[in-house]
There are 2 protein chains.
Amino acid sequence: MASAPHLLNALKERNVRLTRQRRVVLDALAVSGNHVRAEDLLREGRKRDPNLDRATVYRTLAMLKEHGLIDELDLLHLDGRGHYYEMRGHQDHVHIGCTECGRVTELHSPIVQALLDEVASHTGFRATSARIEVQARCPECAGGNAREQR
Amino acid sequence: MASAPHLLNALKERNVRLTRQRRVVLDALAVSGNHVRAEDLLREGRKRDPNLDRATVYRTLAMLKEHGLIDELDLLHLDGRGHYYEMRGHQDHVHIGCTECGRVTELHSPIVQALLDEVASHTGFRATSARIEVQARCPECAGGNAREQR
DNA sequence: ATACTATTTGCGACAATGTCGCATCTGAGA
DNA sequence: TCTCAGATGCGACATTGTCGCAAATAGTAT
Ligand SMILES: [Zn+2]
Ligand SMILES: [Zn+2]
Ligand SMILES: [Zn+2]
Ligand SMILES: [Zn+2]
């Protein structure tokens, strides 16, 4: 439990009401890895509160997103039409998805910040977050023609 | 009409069958500005072919995307849950959406290419396209309210 | 021009994902 | 403990996208 102390504290500071259900969703977020779908969170959360409702999960995700505490991705819809969520870390990173095998890799790079600076200086928009999703072929799929499974 | 000669030629070169419906969708794409939703294309396309079907539009979009001729965006879902399409130009660019007024701006920058190079050298993934969507507050919306950033 | 055939289309039924109104419930401060 | 603004559960709904299959058709060959 309390597996997401950072988020819990952030919500307290912002005077967001801490309901049992919200704690459950936060726990589910912490337990699941990155790139979780809403339905996964619902299933995971119901292990702790079997009455947890689909709408509550969506409403909680929307709230967390508004507060900038999670990011929403769709990983280029390489697999289905849903969206994915992950807790926001210290800095934005790049998501790279292979169009053939579906593998997703992350890359942290200072160039991301450089890009945001460029955005600010050229357009005057002050960025609050960035989503960078690169479509690619991974070394395995590009090299041999070995078919991987997903 | 032939309002999208570039796409038409690309399809011919690839021996993709040029049906009446596909021409209609291409025309609709050319007539509509950037950031068009599938349903917009359906409505626009039906002006030319009233029997144009929803499934055909989606199938055509999927085909164009597979050939790398269009990009799919969701503009951070600042407005609804749908996705947007635009013809691919010579190089990828950055989409910047204001979280308050919803205005979307584009930015072309050499840093995008630098980022893709970084991806290649660090991960070995060979990028075929990049989607960069920045969430921000535009100068007008930021002006009135100097509030916390993050 | 006509015939041929692999592809594509329209259609309808369906699945997945997300949203909303409203009655009820509850977290958190007093 | 009391109180009530705000959160939840529920169900009904909307949107967005998908699929199988019979019928139509683009491109090619004759
Ligand atoms: Zn990630
Ligand atoms: Zn999306
Ligand atoms: Zn791969
Ligand atoms: Zn704005």
Side-chain angles (χ1 to χ4, degrees), chain A residues 1-2 7-9 11-28 35-46 48-67 69-70 72-85, chain B residues 2 7-9 11-28 35-46 48-67 70 72-85:
Chain A
M1 282 201 281
L7 292 192
L8 272 180
N9 291 334
L11 291 180
K12 279 177 193 163
E13 279 169 18
R14 291 154 197 256
N15 295 318
V16 172
R17 213 190 252 187
L18 277 178
T19 65
R20 176 171 40 83
Q21 292 88 339
R22 282 176 177 169
R23 291 173 192 273
V24 164
V25 172
L26 291 184
D27 283 355
H35 318 157
V36 199
R37 295 173 306 152
E39 299 296 327
D40 297 330
L41 288 176
L42 177 60
R43 209 167 338 101
E44 182 64 31
R46 277 183 170 164
R48 295 141 210 261
D49 178 349
N51 294 322
L52 180 64
D53 194 79
R54 148 197 301 279
T56 300
V57 172
Y58 280 108
R59 289 191 278 231
T60 300
L61 287 173
M63 181 271 292
L64 291 171
K65 190 176 151 198
E66 262 171 32
H67 285 279
L69 298 173
I70 59 172
E72 184 190 48
L73 318 168
D74 71 16
L75 301 180
L76 294 152
H77 293 296
L78 293 180
D79 178 42
R81 66 212 124 179
H83 291 101
Y84 298 83
Y85 300 89
Chain B
L7 292 192
L8 272 180
N9 290 334
L11 291 180
K12 278 178 195 164
E13 279 169 19
R14 291 154 197 259
N15 294 319
V16 172
R17 217 190 248 189
L18 278 178
T19 65
R20 177 173 38 82
Q21 291 89 338
R22 283 176 176 168
R23 292 172 192 273
V24 163
V25 172
L26 290 184
D27 283 356
H35 317 156
V36 198
R37 296 173 306 152
E39 298 296 327
D40 297 330
L41 288 176
L42 177 60
R43 209 166 339 101
E44 182 65 31
R46 278 183 169 164
R48 297 144 208 260
D49 178 349
N51 294 321
L52 180 65
D53 193 80
R54 148 195 303 277
T56 300
V57 172
Y58 280 108
R59 289 192 278 231
T60 301
L61 287 173
M63 180 271 291
L64 292 172
K65 191 176 152 200
E66 261 170 34
H67 284 280
I70 60 172
E72 185 190 46
L73 318 168
D74 71 18
L75 302 179
L76 294 151
H77 292 296
L78 293 179
D79 177 43
R81 68 212 122 177
H83 292 102
Y84 298 83
Y85 300 88

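Side-chain atoms are counted along with the backbone in the values below, which use heavy atoms only and exclude waters and symmetry mates.
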Original post:
If you check every side-chain atom of A/Ala38, which of D/dT16, C/dG18, D/dC10 has the closest atom?
Top reply: C/dG18
**OP:** Starting at atom OH of B/Tyr84, determine the distance to atom P of D/dT16, rounded to an integer number of angstrom.
**Re:** 9 Å
Subject >> Atom pair distance, as rounded to whole Å: NZ in B/Lys12 and P in D/dG27 >> reply: 9 Å
Subject >> Interatomic distance, B/Asp27 atom CG to B/Leu41 atom CG [nearest 0.5 angstrom] >> reply: 11.0 Å
**OP:** Give a yes/no on whether any side-chain N or O of A/Tyr58 is located under 4.0 angstrom from OP1 or OP2 of C/dG18.
**Re:** yes
**OP:** Would you indicate, yes or no, if C/dG10 has its OP1 or OP2 atom less than 4.0 angstrom from a side-chain nitrogen or oxygen of B/Gln21?
**Re:** yes
**OP:** Hey, could you give me the OH/CD distance between A/Tyr58 and A/Glu39, rounded to the nearest 0.5 Å?
**Re:** 4.5 Å
**OP:** Kindly indicate whether the side chain of A/Leu11, heavy atoms from C-beta on, has any atom under 4.5 Å from the side chain of A/Leu64.
**Re:** yes
Original post:
Once you round it to whole Å, what is the distance between P of C/dC22 and CZ of A/Arg59?
Top reply: 14 Å
Original post:
Choosing from D/dC19, D/dT16, C/dT9, which nucleotide comes nearest the side chain of B/Arg22?
Top reply: C/dT9
Subject >> Between C/dT7 (P) and B/Arg23 (CZ): distance, integer Å >> reply: 19 Å
Subject >> First of A/Thr60 and B/Asn15 reached from the 5' end of DNA chain D, by closest nucleotide >> reply: A/Thr60
Subject >> Closest nucleotide among D/dC19, D/dT18, D/dT8 to the A/Thr56 side chain >> reply: D/dT8
Subject >> Test of ring centre spacing under 6.0 Å for B/His35 and B/His83 >> reply: no
**OP:** Write down the distance between CZ (A/Arg54) and C1' (C/dT19), rounded to a whole number of angstrom.
**Re:** 11 Å
**OP:** Determine: side-chain N/O of A/His83 to OP1/OP2 of C/dG18, distance under 4.0 Å, yes or no.
**Re:** yes
**OP:** State whether the side chain of B/Arg54 and the backbone N or O of B/Leu42 hold a donor-acceptor pair below 3.5 Å, judged by distance alone.
**Re:** no
**OP:** Let me know the distance between CG of A/Leu52 and C1' of C/dC25, rounded to the nearest Å.
**Re:** 15 Å
Subject >> Listed nucleotide nearest any side-chain atom of A/Arg17, set D/dT16, C/dC20, D/dG6 >> reply: D/dG6
Original post:
Rounded to whole angstrom units, what separation is found between the CD atom of B/Glu39 and the P atom of D/dA14?
Top reply: 15 Å
Original post:
For B/Thr19 and C/dT7, is the shortest distance between a side-chain N/O and OP1 or OP2 below 4.0 Å?
Top reply: no
**OP:** Starting from P on C/dT8, measure out to CD on B/Glu66 and report it in whole angstrom.
**Re:** 11 Å
Subject >> Position toward the 5' end of DNA chain D (nearest nucleotide), A/Arg81 or B/Val16 >> reply: A/Arg81
